[in-house]
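Here's the structure we're looking at; comments come further down.
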Amino acid sequence: MALQRSDVEKIAHLARLGLNDSELPRITDALNSILGLVDQMQAVDTTGIEPLAHPLETTQRLRPDQVTESNQRDRYQAIAPMTENGLYLVPKVID
Amino acid sequence: MQWEVVIGLEIHTQLATQSKIFSGSATTFGSEPNTQASLVDLGMPGVLPVLNQEAVRMACMFGLAIDAEIGPRNVFARKNYFYPDLPKGYQISQMDLPIVGKGHLDIALEDGTIKRVGVTRAHLEEDAGKSLHEDFNGATGIDLNRAGTPLLEIVSEPDMRSAKEAVAYVKAIHALVRYLGICDGNMAEGSLRCDCNVSIRPKGQVEFGTRCEIKNVNSFRFIERAINSEIQRQIDLIEDGGKVVQETRLYDPNKDETRSMRSKEEANDYRYFPDPDLLPVVIEPAFLESVRASLPELPTQKVKRFQSQYALSAYDANVLASSREQAEYFEKVVSIGGDAKLAANWVMVELGSLLNKLGLEIDQSPVSAEQLGGMLLRISDNTISGKIAKVVFEKMAAGEGSADQIIEAEGLKQVTDSGAIEKVLDEVLAANAEQVEQYRAADEAKRGKMFGFFVGQAMKASKGKANPGQVNQLLKAKLEG
Amino acid sequence: MHQLSLAEIARGLADKSFSSQELTGALLSRIKQLDPQLNSFITVTEQQALDQARAADARRAAGENGALLGAPIAHKDLFCTNGVRTSCGSKMLDTFTAPYDATVVAKLAEAGMVTLGKTNMDEFAMGSANESSHYGAVKNPWNLEHVPGGSSGGSAAAVAARLLPVATGTDTGGSIRQPAALTNLTGLKPTYGRVSRWGMIAYASSLDQGGPMARTAEDCALLLQGMAGFDAKDSTCVDEPVPDYSASLGASLQGLRIGLPKEYFGAGLDPRIADLVHASVKELEKLGAVVKEISLPNMQHAIPAYYVIAPAEASSNLSRFDGVRFGHRCADPKDLTDLYERSRGEGFGVEVQRRIMVGAYALSAGYYDAYYLQAQKIRRLIKNDFMAAFHDVDVILGPTTPNPAWKLGSKVSDPVAAYLEDVYTITANLAGLPGLSMPAGFVDGLPVGVQLLAPYFQEGRLLNVAHQYQQVTDWHTRAPNGF
């Protein structure tokens, strides 16, 4: 089933992508053609096949519980768009 | 209509590791904003998480302590949503394969009964940062020091049937994580936070009602109040013909009410999927055995031991074992004072009300376990009576020294010399000759009451120091002899 | 001097035929002179390069003698470089000065390499033509009207045009091998986990792998030696010893079993490319290899599976670009949603937006099983195909791409047509296998590549086969006119 413009708007909001109304038809077509390609997958019988999330089936290495980092706030905030008193600023958040 | 309340809880406990779950930043509370936010915590482009071994060990300790199955292969997943305190736009959590599976916890209710509460699961995840809502010219400030602090989220079954039960469960979890040393339990600092899922249904109905989730309640008192006010809201709503809407709510302690959270209004689609930056965590049996061997005595084991070793009631044993500090205090008192029942009463009643009055925790008690034990020793060896002991206890609390010092300084030593007691009794009887006559003329039934009068007079005359047992015995002999 | 390979440079520096400063100066002026035609660099770090060259010369004067000491390199602009803009080819990161070095960058700097700059790329490595860069398309030095391939198109064009001998690339679905094929280079995508991903800005975490791009297999071996190895900062990096890649280059191919998957030679393949691939097989047979037809029956499902898995991971990986801590922030956001939607809407180009949306959709409630989970199952089928094939053969050989480099702009409006160009390369990423592309001839004056695949951690074998082939052929020595 092809995506409608409203579906695309919903997905764009989920991904927090502001799209212009004028772009919507073009991106809807593009997504539908990509999903058309992807949907070929549905014909494959994968009954009983375990999904593979990582190519190498190894296990997680654990790190010793040690503090290795020091305060680098000034350096890291030098590249931030907006800070004050060591805080990152965003438009007012309402709970 | 009779309503039944159904409560399930999600408790977030910050694990007491030195460093964060996926980075080497410190987890110290209260540092200057963003001074404990490393590249990884800030979600900088190109950074990667590496799992802290201690967080895994602590989660396993908890799982073993609630008799849960430990996932032999557990998987981290990404929970995707946008929020300014969530730097990567996703939280690393666990979804399908959590580290701790189904378990249970026994809690002591106020009526003395024990209730078993199911734990659905517990999983590891990273904490978010904090939004500071003080006004920065209409903006919100973001501090990411807390981002990446390890959390163990403990999800209960919907087994609780009242706010009081819910609080008892939270207290039991609180005690347990502190026993295990995996969380400092400091609720004021947010080390242990609780989301309460509350619904109601007509008594006898099997299906659950629609639930509301009260987010982030952070004290025992507020948990009870928040749940009760939410129960009342739901009852009022339904009885007025309305319907409960499934939503996230926030408790406002000032107004004692819950309100809908605007920021959570949108139905979220978290798009969980296995985090490709992390591999499955495999818990080897040998590792698990070493964790098991390192477990301290757990509250439930302690309760059983207190009952058998000290012949305490189930309720007393539960109360005393409810915190590791209180249990240790009690056992120290017993080791000095000897009489366990006496010690249990003093710790629970007198010490309990003193601490309550002062608003202190037991490890801040002005009366040490050594002091209390020393005083109980003087009750047992008849140096002081129970009544005088209360005076001594107050003076210990006021910092006037050990029981022995106070007894000596205040001359509170009990009089046990029969000659001296007889002398006092003779004086009392002489001063109350009329009552003595009446007593001797009265029948057995009336005598009981009148006897008390003479004991009272004798104790008063001795300034409370005469040994009450001896007073009784000698007085009886004199009146009836 | 610009014609020298990395191996030749190493020898020249060692016997003091020239200094690193001389070499660096010469290449920097060549970049200045020629790169305007190609647009292969986003940032040229001239001063830093001269400083590093001076330091390298000093280290050599003090007795140090590493193969990479004083040799030039450029990094694809998604490797974080401390103090230098790391743009990922995106407006989103146009102002992003990385506050740290990627492990690969740090290791190569430690070995004494001189970084000339950061190379152009498809935005966030999403593309196979290098046309989605915020900094403009890269031109193929073999024909300036054609694409160089992507996403490591800047590294490919720069090395092919002899602006420098080697560069780093990354490969998520073919982004090293495909541009290498289209520009007459040798490029290697190592086994997943062979090279640290710390500081490599993620596109699709379970598929991304950094690797070397050079004109010869010998140079790839030298550069990979400096890049590979365990890194405690990357949980997916494997703690396996790194063999001496240069040492195995000379091994004989006598008895080498080469598998030709019949699926690689079906419809869609330019027959002229098929002929060149078969010709390369003949050369290898002359060197003692034995050839056998094999089957990888699930190959046809690789593209659909890839275009679910990669966008799904990308949609999540790219959520951190929210205008709060770094990167583009829209002007005067009226509220939080506006901050997010406009910063991301303005900062990301159209191909990135498309893939983020495909990924978000594939993971969303109700579609996860049909898309993401199904793709991961197909991924296992593809891996199983390879495991079975490697029972019978030592390496798998086929074309790197179905077509030579296409004209700039010709596939921009049809994303799916461009996706199909990855058909031969994507399977190695899904399975995590090492793969190499080497020059094998020309079609209409445009280079053609042959791809070799090997079992896990057998990069040495791939380099050995390519090196032996390059001893008896001269395709890799050909330079584009004007460069």
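Below, chains carry the letters A, B, ... as their sequence lines are ordered, and counting in each starts from 1.
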Looking at L278(B), D277(B), L279(B), which one has more heavy-atom pairs under 4.5 Å with chain C than the rest?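 The residue among L278(B), D277(B), L279(B) with the greatest pair count is D277(B).
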Residue, of P84(B), P87(B), P45(B), that accumulates the most heavy atom pairs under 4.5 Å with chain C: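 That would be P45(B).
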Can you tell me which of [options] forms the most heavy-atom pairs within a distance under 4.5 Å of chain B?
options                           : answer
A98(C), G199(C), A102(C), S316(C) : S316(C)
A202(C), C80(C), S235(C)          : S235(C)
Y100(C), Y368(C), Y372(C)         : Y100(C)
F321(C), F96(C), F79(C), F326(C)  : F326(C)
D322(C), L336(C), V324(C)         : L336(C)

Would you say T119(C) and D77(C) are linked by a side-chain donor-acceptor pair, where the criterion is simply a distance under 3.5 Å?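 Absent: no donor and acceptor within the cut-off.
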Going by atom types alone, do E123(C) and S132(C) pair a side-chain donor with an acceptor below 3.5 Å?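 The criterion, which ignores hydrogens and geometry beyond distance, is not satisfied for S132(C) and E123(C).
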Under 6.0 Å from the ring centre and within 45 degrees of the ring axis: does the NZ or CZ of K79(B) meet both conditions for the six-membered ring of Y270(B)?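 Pair K79(B)/Y270(B) counts as cation-pi.
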Is there a donor-acceptor pair closer than 3.5 Å between any side-chain N or O of [X] and the backbone N or O of [Y]?
X      : Y       : value
Q94(B) : L124(B) : yes
D85(B) : K130(B) : no
K20(B) : N145(B) : yes

Heavy-atom distances under 4.5 Å only: say whether F124(C) touches chain B with side chain, backbone, both or neither.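 When you check distances to chain B, no heavy atom of F124(C) falls under 4.5 Å.
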Where does A204(C) contact chain B at under 4.5 Å (heavy atoms): side chain, backbone, both or neither?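 The answer is neither part of A204(C).
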Which bit of L42(B) comes within less than 4.5 Å of chain C, counting heavy atoms only: side chain, backbone, both or neither?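 Both backbone and side chain of L42(B) come within 4.5 Å of chain C.
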Portion of N80(B) that has a non-hydrogen atom of chain C nearer than 4.5 angstrom: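 Only the side chain of N80(B) comes within 4.5 Å of chain C.
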With salt bridge (Lys or Arg N to Asp or Glu O under 4.0 Å) as the test, would you mind laying out the steps for E213(B) and K215(B) before giving the verdict? CA-CA 6 Å; E213(B) 182 181 14; K215(B) 273 265 176 228; 3.4 Å; yes
Using 30° and 60° as the class limits, which term best fits the ring planes of Y340(C) and F82(B): parallel, tilted or perpendicular?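 Plane angle between 30° and 60°, so tilted.
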